[in-house]
Amino acid sequence: LLDEAMARLAGALSGGAVTAEMTVRYVQPAHVGEKILVYGEVVKEARRLLEMRAFLYSPDASGMLIAHAKAKLQSIAPEYEAEAKAMKVS
């Protein structure tokens, strides 16, 4: 979920991106069937490299942090975007 949040945000900003590096920290367990709030943000943008963060929270009143991640995503060069979209798995 953390990688997906960052990748979708990067895709919306740059047309497509792949994760080059990611670090995840687990803070609290999530339970099967529990709803989770996912939040992603861009920390830094330099040329085709995006530094991002994402967070998983419990959506109840506690707003407890479940996990967080930081990552570097590489934007896909425009000439390869069509090929990357064609390879996308649903």
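Counting from 1, the numbers follow the sequence of the chain as shown. Heavy-atom basis, side chains included; hydrogens, waters and symmetry copies ignored.
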Below 3.5 Å, can you tabulate the donor-acceptor pairs from side chains in residues 29-39 to any protein atom, sequence neighbours excluded?
residue: Glu34; atom: OE1; partner: His31; partner atom: N; Å: 2.8
residue: Tyr39; atom: OH; partner: Glu41; partner atom: OE1; Å: 3.0

According to a hydrophobic-cluster definition based on side-chain heavy atoms being under 4.5 Å apart (Ile, Leu, Val, Met, Phe, Trp, Tyr only), do [X] and [Y] belong together?
X     : Y     : result
Tyr57 : Val27 : yes
Leu9  : Met22 : yes
Met6  : Leu13 : yes

Practice item. Compare all side-chain heavy atoms of Met52 with those of Val43 and state whether any distance is below 4.5 angstrom. Key: no
Exercise for review: Would you check if Leu50 and Lys72 make a side-chain contact, meaning some heavy-atom pair closer than 4.5 Å?
Suggested key: no
Exercise for review: Could I get the full list of salt bridge (charged side-chain N to carboxylate O under 4.0 Å, His left out) partners for Glu4, not counting sequence neighbours?
Suggested key: Arg8
Revision key, fill the gap. So CZ of Arg48 and CD of Gln74: to nearest 0.5 Å the spacing works out to 4.5 Å
Exercise for review: Give a yes or no on whether Leu1 atom CG has more than 12 heavy-atom contacts from other residues, nucleotides or ligands under 6.0 Å away.
Suggested key: no
For residues [X] and [Y], report the shortest heavy-atom separation together with the two atoms involved.
X     : Y     : answer
Val24 : Ala69 : CG2-CB, 4.0 Å
Ala17 : Ala10 : CB-CB, 3.7 Å
Tyr26 : Ala67 : CD2-CB, 4.0 Å

Review point. Residues in side chain to side chain donor-acceptor pair (under 3.5 Å) with Thr23, at least two apart?
Key: none
